[in-house]
Amino acid sequence: MLLLPLRVLRRRFQHVSCRVPCLQASQGAKANRAGWEEKSRSRVKWRQLEHKGPYFTPAYEPLPDGVRFFYDDGRREKIGNFKMEPPGLFCGRGDHPKMGKLKRRVMPEGVVINCSRDSKIPEPPAGHQWKEVRSDNTVTWLAAWTENVQNSFKYIILNPSSKLKGEMDWQKYEVARRLKGVVDKIRAQYQADWKSPERKKRQLAVALYFIDKLALRTGNEKEEGEAANTVGCCSLRVEHVRLHEKADGQEHVVELDFLGKDSIRYINRVSVEKLVFQNLQHFMEDKDPKDDLFDALTTASLNKHLQDLMEGLTAKVFRTYNASTTLQEQLRVLTRAEDSVTSKVLAYKRANRAVAVLCNHQRAIPKTFEKSMRTLQQKIETKKAQVAEAQVELEKVKADLRIRGESKSKSLLQKQRRLLRLEEQLVRLHTQATDKEENKQVALGTSKLNYLDPRISIAWCKRSGVPIEKIYSKTQRERFAWAFNQAGEDFEF
DNA sequence: CAGATAACTTAGCATAAGGAAA
DNA sequence: TTTCCTTATGCTAAGTTATCTG
């Protein structure tokens with residue numbers, strides 16, 4: 001039993017970047033868990049409610065292996081997070097003011113169950129009651145509770161492989177594809193708006209330019225003292241921007257340096273149009289470093305504006321659109337028909353990486369990176385030696401032939417072939433090393449899962465003869481099941 | 001009409017699982 | 001078989017956005 005004062009715990013975990021293991025501190029913990037297990041053993045069939053809206057109200061079915069399912073219109077689907085979050089110490093990311101606070105055990109009395117009216121309601125653990133049982137088929141969650149540290153909602157939701165999640169994912173990409181049709185017009189408009197006499201309009205135009213060009217997030221206001229101090233586009237402060245008339249041999253360079261989502265640092269230097277530069281100079285005039293760059297702009301007004309430009313358009317659609325477009329374009333540039341499957345997969349990873357860099361998806365450098373890099377360097381050295389050796393042998397054979405006055409021999413061909421093969425292997429090792437180095441701090445998964453229309457990848461696999469298993473793991477294939485029969489080899493985002 | 005709330009997507013990290021090497 | 005390394009998955013925090021509310 002860990003019984004340190006909370007302030008000691010907080011201090012202890014202040015600089016710990018890893019997640020703090022859950023502390024099973026509550027006396028009633030065992031009994032509670034048993035209670036939850038009991039709940040999980042009740043068999044409930046779920047059916048869709050009578051009226052068919054965009055959503056439905058599902059329910060759970062426990063299975064012996066611990067995987068739980070629910071029924072939607074007779075279809076059995078997986079549930080995503082079927083376990084309750086255990087109590088523990090809250091460990092936010094970055095410099096979080098609530099780091100180390102105790103996250104309490106969730107009791108059935110705090111849980112709302114959402115299930116169809118005509119189904120058998122799941123039993124609460126013995127001696128307990130649900131907070132509420134409701135039948136709301138306009139939402140997608142199965143159960144919900146309030147988390148005490150952040151005072152926010154938590155939900156039991158469906159697995160990404162479910163039809164519901166799949167349909168929503170599909171819709172997301174369809175909105176992004178619609179943006180493709182109007183993006184030229186939108187770009188022309190915000191460029192024109194850089195010259196607007198209205199400060200508000202110019203701020204909106206510059207912010208939208210950043211969101212489009214640099215794939216920045218919208219950047220909502222955050223309550224001070226509630227979360228780490230991070231920003232996005234609309235919440236950028238003067239201190240995050242530096243302007244250089246000339247830098248890196250380019251004109252009108254904007255330097256951005258701020259902490260974004262998850263306190264991941266965004267650093268970029270980019271040359272912008274003169275009008276953008278001048279606008280930024282104006283926005284920064286007579287301000288303190290801590291002042292908002294876009295003082296006349298809110299995320300609400302930005303999204304309101306976007307909604308007027310295209311139905312369903314919001315700021316985050318630009319990230320999806322630019323990510324997917326970049327993948328498609330990069331795949332086109334990097335794929336060569338005559339390449340082996342291995343090289344093609346490498347090309348895919350490169351294209352994926354271009355997107356991850358655009359979206360600033362970073363990861364901690366793997367702990368084993370240095371070591372595995374050394375191993376790879378070792379391999380390269382060995383291969384180099386082999387190449388050198390093969391060259392010497394080849395020369396020897398050539399000299400031999402000259403003495404005998406011959407021009408060809410079986411041995412010569414053999415040696416030539418061997419040298420060629422070794423050289424190819426060396427080149428491959430070099431690319432592997434470069435790739436590893438360039439990828440050490442880039443997280444590919446996030447964009448692959450959330451930003452890249454799977455139909456682009458599926459179509460590319462079909463076109464270039466790459467088995468889909470080389471690109472998507474089992475769960476990823478299940479997640480993107482909706483895309484498989486949609487994407488022929490000629491699919492265009 | 002701004003701020004709060006609710007419900008959803010997006011995010012990186014730890015670790016489990018899988019596979020290669022010893 | 002055991003160990004060592006990479007990849008896949010689970011977890012839950014941290015965003016975005018639409019809607020509600022006073």
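Proteins come first, then strands; the chains are lettered A, B, ... in the order of their sequence lines, and each starts at number 1.
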Could you encode protein contacts along nucleotides 15-22 of chain C as a string, one character per nucleotide from 5' to 3', using B for base contact, S for sugar-phosphate-only contact and - for no contact, with a heavy-atom cut-off of under 4.0 Å?
SBBS----
Could you label the plane-to-plane angle of the A/W460 and A/Y348 rings as parallel, tilted or perpendicular, counting under 30° as parallel and over 60° as perpendicular?
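A/W460 vs A/Y348 ring planes: tilted.
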Looking at A/R428, A/K440, A/R353, which one forms a salt bridge (charged side-chain N to carboxylate O under 4.0 Å, His left out) with A/D435?
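Between A/D435 and the candidates, salt bridge (charged side-chain N to carboxylate O under 4.0 Å, His left out) is satisfied uniquely by A/R353.
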Is the number of heavy atoms from other residues, nucleotides or ligands under 6.0 Å of [X] [atom1] greater than 12?
X      : atom1 : result
A/E174 : CD    : yes
A/K201 : NZ    : no
A/K200 : NZ    : no

Verify ring-ring contact (aromatic ring centres under 6.0 Å, His included) between A/F90 and A/H96, making sure each step is shown before the conclusion.
CA-CA 10 Å; A/F90 179 86; A/H96 198 114; 5.0 Å; yes
5' priority, DNA chain B, between A/K367 and A/L449 [closest heavy atom]
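Mapping each residue to its closest nucleotide by heavy atoms, the 5'-most match is A/L449.
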On DNA chain B, does the nearest nucleotide to A/I264 precede the nearest nucleotide to A/N151 from the 5' side, or the other way round? Give the residue.
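Counting from the 5' end, the first nearest nucleotide belongs to A/N151.
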So, A/T299 versus A/N220: side-chain donor-acceptor pair below 3.5 Å or not?
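Side chains of A/T299 and A/N220: pair found under 3.5 Å.
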A/Q203-A/D295 side chain donor-acceptor pair, cut-off 3.5 Å
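Result is yes, a qualifying pair exists.
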Can you tell me if [X] touches the phosphate of [N], counting only side-chain N or O atoms and a distance under 4.0 Å to OP1 or OP2?
X      : N      : result
A/K165 : B/dC8  : no
A/K154 : C/dA13 : yes
A/K98  : C/dA13 : no
A/R319 : B/dA11 : yes
A/H96  : C/dA14 : yes

What is the separation between atom [atom1] on [X] and atom [atom2] on [N], rounded to the nearest whole Å?
X      : N      : atom1 : atom2 : result
A/M168 : B/dC8  : CE    : P     : 6 Å
A/F82  : C/dT12 : CZ    : C1'   : 15 Å
A/L164 : B/dA7  : CG    : P     : 14 Å

Taking only nitrogen or oxygen atoms into account, show me every contact under 3.5 Å that the protein makes with nucleotides 5-9 of chain C, one pair per line with its distance.
from, atom 1, to, atom 2, distance (Å)
C/dC5, OP1, A/K371, NZ, 2.7
C/dC5, OP2, A/K371, NZ, 3.0
C/dT6, OP2, A/T368, OG1, 3.1
C/dT9, OP1, A/T475, OG1, 3.1
C/dT9, OP2, A/S473, OG, 2.7
C/dT9, OP2, A/T475, OG1, 2.1
C/dT9, O5', A/T475, OG1, 3.4

Of the nucleotides B/dA6, B/dT9, B/dC8, which has the atom closest to the A/K172 side chain?
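Looking only at side-chain atoms, A/K172 lies closest to B/dT9.
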Checking A/R178 against A/E311 for the salt bridge (charged side-chain N to carboxylate O under 4.0 Å, His left out) test, could you report, in this order, the C-alpha distance in whole Å, the side-chain angles of both residues, the deciding distance, and whether it holds?
CA-CA 9 Å; A/R178 277 199 283 125; A/E311 201 193 325; 5.5 Å; no
